[in-house]
Asks: 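Here it is, the structure, as structure tokens.
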Protein chains: 2
Amino acid sequence: MTAEHLTERLESFVERCTDAGLSATHQRRVIYRVLAESEDHPSPEMVYERVRREIPSISQATVYNNIHKFVEVGLLEEVSKLHQTSRLDANMEPHHHLVCVDCKKVVDYYDAALDKARSRHREPHGFEIRRYHVEMHGLCPDCRTAEAN
Amino acid sequence: MTAEHLTERLESFVERCTDAGLSATHQRRVIYRVLAESEDHPSPEMVYERVRREIPSISQATVYNNIHKFVEVGLLEEVSKLHQTSRLDANMEPHHHLVCVDCKKVVDYYDAALDKARSRHREPHGFEIRRYHVEMHGLCPDCRTAEAN
DNA sequence: ATAAATGCAAAGGATTTGCCGTCAA
DNA sequence: TTGACGGCAAATCCTTTGCATTTAT
């Protein structure tokens, strides 16, 4: 994140809130700035701690509620759409997953080209890669049909 | 999952337990069979419900504890290594993530070839893809160093 | 003015832990 | 026989909700 990008994001925040029908409260500005300044993909708890340095009276509920609002209006994304409950897989062969963002269905996905792509990435950023896992997030056929109504 | 693969997995289960120093208790056999028979990437709660049909007296703790053991010894995988607490990202540009399986650090990863790969997958299994996200799981440099001790 | 947002506290769901009795090897 | 395991219940962690008060527009 370059400084100019950060400034850009912060400046467009108020406008983006207005477009989304959200008032740009002091708490929201600080929560968003903390997130935009963070490089470490913080948890809600970490966001709460950082915001609390500036607004000691803020409550966890406000942080959680606004994170949800921000995700809804596209200001924010969750790294994994599958937190909250673990999802298990006894299939240990290399394969990938299609995840429905709506009903959280998980479908196995096999693709030789994806597996081949893995070899291009050896030790990215010094990581010793153990599992190369493509997660495609989208709407499953059932939820697409449901949404058409 | 073909029937023969399932049989294979079930038959090797006892052996794999022994190798890992785990006794193959009745509960563990049923928990593992339920998982190996499941195509839907069940949550611990769903595993508990299914096992309970056969062992009504089993406790949730046993299910949770054994799921952990199975993951440790490589009989099982979690679809996402990042559940339990949400991890947030204010960077809405398409990008990918390196996740440390040890310390849960998340690092952004940009790669043009990966983005190009996306176009090969249109509507896999009928999914309307909204986000094409590669999650590479491995050991970050810090944890590699720590593990060397 | 007024609909929305905040703070607080309690509730809820998911997961972990400690302890004691039981069972697999 | 005995160390590992299972069951139970309490504890903990993460997140959501209800409600009274305050605030942004």
Side-chain angles (χ1 to χ4, degrees), chain A residues 13-35 41-73 75-76 78-88 104, chain B residues 13-35 41-73 75-76 78-88 104:
Chain A
F13 174 73
V14 176
E15 187 188 330
R16 299 211 270 162
C17 275
T18 311
D19 291 352
L22 298 178
S23 22
T25 63
H26 179 51
Q27 285 89 337
R28 285 192 178 143
R29 287 168 208 243
V30 176
I31 292 171
Y32 182 75
R33 174 162 43 73
V34 160
L35 278 158
H41 305 80
S43 65
E45 176 70 26
M46 289 159 82
V47 174
Y48 171 62
E49 286 306 333
R50 289 171 198 181
V51 171
R52 212 144 68 107
R53 289 182 206 143
E54 291 183 54
I55 314 178
S57 65
I58 200 166
S59 71
Q60 292 219 35
T62 299
V63 172
Y64 273 102
N65 289 335
N66 284 319
I67 283 171
H68 283 153
K69 291 246 164 67
F70 291 171
V71 170
E72 268 171 37
V73 305
L75 280 162
L76 211 58
E78 294 181 270
V79 173
S80 167
K81 268 90 180 161
L82 280 176
H83 74 281
Q84 228 176 15
T85 182
S86 175
R87 295 291 291 270
L88 306 163
K104 307 294 181 194
Chain B
F13 174 72
V14 177
E15 187 188 330
R16 298 210 270 163
C17 276
T18 311
D19 291 353
L22 298 178
S23 22
T25 63
H26 178 50
Q27 286 88 337
R28 284 191 179 144
R29 286 169 209 244
V30 176
I31 292 171
Y32 182 75
R33 175 162 42 73
V34 159
L35 277 157
H41 305 80
S43 64
E45 176 71 25
M46 290 158 82
V47 174
Y48 171 63
E49 287 305 331
R50 289 171 199 181
V51 171
R52 212 145 67 106
R53 289 180 206 144
E54 292 183 53
I55 314 177
S57 65
I58 199 166
S59 72
Q60 292 219 36
T62 299
V63 172
Y64 273 102
N65 289 336
N66 284 319
I67 283 171
H68 283 153
K69 292 244 165 67
F70 291 171
V71 170
E72 268 171 37
V73 304
L75 280 163
L76 210 60
E78 294 181 271
V79 173
S80 168
K81 269 88 180 161
L82 280 175
H83 76 281
Q84 230 175 18
T85 182
S86 176
R87 294 292 291 269
L88 306 163
K104 307 295 180 193

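Excluded from the calculations below are hydrogen atoms, water molecules and symmetry mates; all remaining heavy atoms, backbone and side chain alike, are included. Lettering of chains follows the sequences in order, A, B, ..., and the numbering in each one begins at 1.
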Asks: Could you tell me how far apart A:E72 (CD) and C:dA4 (P) are, to the nearest whole angstrom?
Replies: 14 Å
Asks: Working to the nearest 0.5 angstrom, can you tell me the gap between A:E54 CD and A:H26 NE2?
Replies: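 Separation between the atoms: 7.0 Å.
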Asks: So what does A:H26 hit on the nucleic acid, given a heavy-atom distance under 4.0 Å: a base, only sugar-phosphate, or nothing?
Replies: nothing
Asks: Within this structure, what is the CG-to-P distance between B:L22 and D:dA4, rounded to whole angstrom?
Replies: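 Taking atom P of D:dA4 as the reference, CG of B:L22 is at 11 Å.
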Asks: Any side-chain heavy atom of A:S23 within less than 4.5 Å of one from A:R28?
Replies: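 Result yes, sub-4.5 Å side-chain heavy-atom pair found.
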Asks: Would you find a donor on one side and an acceptor on the other, under 3.5 Å apart, between the side chain of A:R87 and the backbone of B:H41?
Replies: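 Checked: pair present.
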Asks: Given A:V47, which of A:V30, A:I31, A:N66 fulfils the side-chain contact (heavy atoms from CB on, under 4.5 Å) condition?
Replies: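 With A:V47 as partner, side-chain contact (heavy atoms from CB on, under 4.5 Å) holds for just one option, A:I31.
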Asks: Looking only at the side chain of B:P44 (C-beta and beyond, no hydrogens), which of the listed nucleotides D:dT25, C:dA25, C:dT15 gets closest?
Replies: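 Ranking D:dT25, C:dA25, C:dT15 by closest atom to the B:P44 side chain puts C:dT15 first.
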Asks: Please evaluate residues A:R50 and A:L35 with respect to the criterion side chain to side chain contact (heavy atoms under 4.5 Å, CB included), reporting the C-alpha separation (whole Å), side-chain torsions for both, the decisive distance (0.1 Å), and the verdict.
Replies: CA-CA 9 Å; A:R50 289 171 198 181; A:L35 278 158; over 6 Å; no
Asks: Provide, to the nearest angstrom, the distance between the CG atom belonging to A:N66 and the C1' atom belonging to C:dA4.
Replies: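 Distance check: A:N66 CG to C:dA4 C1' gives 11 Å.
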Asks: Checking contacts here: which listed nucleotide (C:dA5, D:dT17, C:dT15) is nearest the side-chain heavy atoms of A:T85?
Replies: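 Among C:dA5, D:dT17, C:dT15, the one nearest the side chain of A:T85 is C:dT15.
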Asks: Under 4.0 Å from OP1 or OP2 of C:dT15: is there any side-chain N or O of A:S86 that close?
Replies: no
Asks: Please list, by residue number, the residues of residues 46-60 of chain B whose heavy atoms come closer than 4.0 Å to an atom of DNA chain D; answer none if no residue qualifies.
Replies: B:S57, B:I58, B:S59
Asks: Could you tell me how far apart B:H68 (NE2) and D:dG6 (P) are, to the nearest whole angstrom?
Replies: 15 Å
Asks: Measuring from atom OG1 of B:T18 to atom CZ of B:F13, what distance do you get when rounded to the nearest 0.5 angstrom?
Replies: 9.5 Å
Asks: Counting only side-chain nitrogens and oxygens, does A:Y64 get under 4.0 Å of the OP1 or OP2 atom of D:dT16?
Replies: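 For A:Y64, the contact criterion (side-chain N or O under 4.0 Å from OP1 or OP2 of D:dT16) is not met.
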Asks: Considering every strand and a 4.0 Å limit on heavy-atom distances, what is the contact class for A:N65: base, sugar-phosphate, or nothing?
Replies: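 Base contact.
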Asks: For B:L75 and B:R16, what are the C-alpha separation, side-chain angles and deciding distance, and is it a side chain to side chain contact (heavy atoms under 4.5 Å, CB included)?
Replies: CA-CA 8 Å; B:L75 280 163; B:R16 298 210 270 163; 3.4 Å; yes
Asks: Determine, stepwise, if the pair A:V34 / A:M46 fulfils side chain to side chain contact (heavy atoms under 4.5 Å, CB included).
Replies: CA-CA 10 Å; A:V34 160; A:M46 289 159 82; over 6 Å; no
Asks: How long is the line joining CG of B:D19 and P of C:dA25, in whole Å?
Replies: 14 Å
Asks: Under a 4.0 Å heavy-atom cut-off, which of residues 27-35 of chain A touch DNA chain D?
Replies: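 The stretch gives none, as no residue of it lies under 4.0 Å from the strand.
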Asks: Are A:E49 and A:E45 close enough that some pair of their side-chain heavy atoms sits under 4.5 Å apart?
Replies: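 Yes; the side chains approach each other to less than 4.5 Å.
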Asks: Is A:E72 salt-bridged to A:K69, cutoff N-O under 4.0 Å?
Replies: no
Asks: Could you check how far CD1 of B:I67 sits from C1' of C:dT15, rounded to whole Å?
Replies: 11 Å
Asks: Using the closest heavy atom to pick a nucleotide of DNA chain C for each, name whichever of B:E45 or B:A24 lands nearer the 5' end.
Replies: B:E45
Asks: Does a side-chain N or O of A:S23 approach OP1 or OP2 of C:dA5 to a distance below 4.0 Å, or not?
Replies: yes
Asks: For D:dG7, take OP1 and OP2 only and decide whether either is under 4.0 Å from a side-chain N or O of B:T62.
Replies: yes
